[in-house]
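The first residue in the sequence is number 1, and the count goes up from there. Just the heavy atoms: all of them, side chains too, but no hydrogens, waters or symmetry mates, feed the values below.
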Amino acid sequence: METRAIKQNEYTWSAKYYDQLCNESVVQDDIQFYKSFLNERSSVLELGCGTGRAGIELAKVAKKYVGIDLSPQMLNVFQEKINGREENISLYQYDMTEFHLGNLFDLIIFPFRSFQALTSDNQRNKCLELCAKHLNKGGHVIIQMFNPDFDKLDNFAELKIRDGKIQDGEYKVERLTIGKDHDKLKQTIQASYVYEVYKDDCLIKSVEEPLYLGYMNEDQARRLFKNLGFEVTAVYKWWDFSKVDEEKKELIFVLKCET
């Protein structure tokens with residue numbers, strides 16, 4: 001049996017199976033929300049565009065769509081889907097703290113908690129400063145994060161769930177999500193996706209991909225955004241525009257530049 005580790009958060013192995021295994025409601029209900037900020041003249045930038053789950057749909061509404069991602073494997077899947085058919089889509093491999101596109105956008109989005117791949121204030125500051133430089137006057141930035149539930153985070157290292165199963169030709173692939181560590185001081189969590197590949201019910205390969213995320217509560221996020229010159233125009237707990245309350249769902253921030 002072959003076991004190997006992949007570089008953190010690059011989804012090298014996950015890319016092939018991402019669309020089939022990533023079917024949570026948190027990544028099914030967001031597209032119409034983003035579309036409500038767009039029209040046929042709009043330009044949109046997606047940070048952490050992945051395999052194009054949201055981007056392909058948004059490009060049907062917007063005049064121009066640009067997606068960036070750190071993972072070349074995820075971008076390859078995105079490119080294969082469009083196969084040159086969508087002239088208003090451009091894709092680039094960039095780190096979220098280092099992108100320089102030479103364009104301004106009406107909407108900048110961080111779907112499915114991609115902002116949480118930034119695990120320090122230094123990284124968040126660099127990324128948001130670049131967002132401000134790429135945002136049209138009157139444009140919006142939408143950032144989705146999970147709302148930290150410490151009852152769950154305190155037991156995160158005990159997490160082990162078998163949360164996906166697909167058939168890939170003669171192989172069966174199962175995914176496990178395993179919690180590794182929760183650092184309260186740094187406000188980070190570390191987990192792994194483990195992909196088990198079976199043939200004739202015999203395990204022939206196991207591949208582990210680390211996942212490292214940072215988190216903030218609402219007050220911390222508001223301070224970060226304000227310090228970088230953003231106005232928080234709304235915060236929602238879900239894509240139906242419901243306001244944040246004691247229920248620990250998502251934190252969906254809608255931002256504008258103050259200047």
If you measure from [atom1] on [X] to [atom2] on [Y], what distance do you get to the nearest 0.5 Å?
X: K133; Y: L128; atom1: NZ; atom2: CG; result: 12.5 Å
X: I109; Y: D30; atom1: CD1; atom2: CG; result: 7.5 Å
X: K63; Y: L38; atom1: NZ; atom2: CG; result: 14.0 Å
X: L255; Y: R222; atom1: CG; atom2: CZ; result: 9.5 Å
X: L159; Y: T177; atom1: CG; atom2: OG1; result: 7.0 Å
X: K64; Y: N103; atom1: NZ; atom2: CG; result: 5.0 Å

Can you tell if the side chain of [X] reaches within under 4.5 Å of the side chain of [Y], non-hydrogen atoms only?
X: K199; Y: E170; value: yes
X: L58; Y: I31; value: yes
X: Y195; Y: E209; value: yes
X: S43; Y: L107; value: no
X: D163; Y: R175; value: yes
X: C131; Y: L47; value: yes
X: V77; Y: Q73; value: no
X: F115; Y: M216; value: yes

Same cluster or not: are [X] and [Y] linked, directly or through other Ile, Leu, Val, Met, Phe, Trp or Tyr residues, by side-chain heavy atoms under 4.5 angstrom apart?
X: V207; Y: Y193; result: yes
X: L118; Y: F99; result: yes
X: I143; Y: L135; result: yes
X: I82; Y: V66; result: no
X: V232; Y: F230; result: yes

Strictly by modelled atom types, are Q220 and Q187 linked by a side-chain donor-acceptor pair under 3.5 Å? yes
Under a 3.5 Å cutoff, is there a donor and acceptor pairing between the side chains of E46 and Y65? yes
Any donor-acceptor N/O pair, [X] side chain to [Y] backbone, under 3.5 Å:
X: Q167; Y: G169; answer: yes
X: N88; Y: A59; answer: yes
X: Q190; Y: L211; answer: no
X: N39; Y: S42; answer: yes
X: K165; Y: V173; answer: no
X: Q144; Y: F112; answer: yes

So among K205, K172, R162, which one has a salt bridge (charged side-chain N to carboxylate O under 4.0 Å, His left out) with E196? R162
Please verify the inter-ring angle class for [X] with [Y]; under 30° counts as parallel, over 60° as perpendicular, anything in between as tilted.
X: H134; Y: H100; answer: tilted
X: Y18; Y: Y11; answer: perpendicular
X: F253; Y: F225; answer: perpendicular

Do you know the tightest heavy-atom contact between [X] and [Y]?
X: L70; Y: Q93; result: O-NE2, 3.1 Å
X: L213; Y: T119; result: C-CG2, 3.8 Å
X: Q123; Y: A117; result: OE1-O, 4.2 Å
X: G164; Y: L21; result: CA-CD2, 3.6 Å
X: C49; Y: G67; result: SG-C, 3.6 Å
X: D69; Y: G50; result: OD2-N, 2.8 Å

Under the side chain to side chain donor-acceptor pair (under 3.5 Å) criterion, do D95 and T97 qualify, and how do the steps go? CA-CA 5 Å; D95 187 298; T97 65; 2.7 Å; yes
From the list L130, L45, V44, I142, side-chain contact (heavy atoms from CB on, under 4.5 Å) partner of I108 resolves to L45
Residues in side chain to side chain contact (heavy atoms under 4.5 Å, CB included) with [X], at least two apart?
X: A191; result: F156
X: A234; result: Y236, V254
X: D240; result: W238, S242

With a 4.0 Å cut-off on N to O distance, would you call D151 and K248 a salt bridge? no
Of H182, K186, R113, which meets side chain to side chain donor-acceptor pair (under 3.5 Å) against Y215? H182
Applying side chain to side chain donor-acceptor pair (under 3.5 Å), run through T188 and D183 and close with a yes or a no. CA-CA 5 Å; T188 58; D183 189 320; 4.7 Å; no
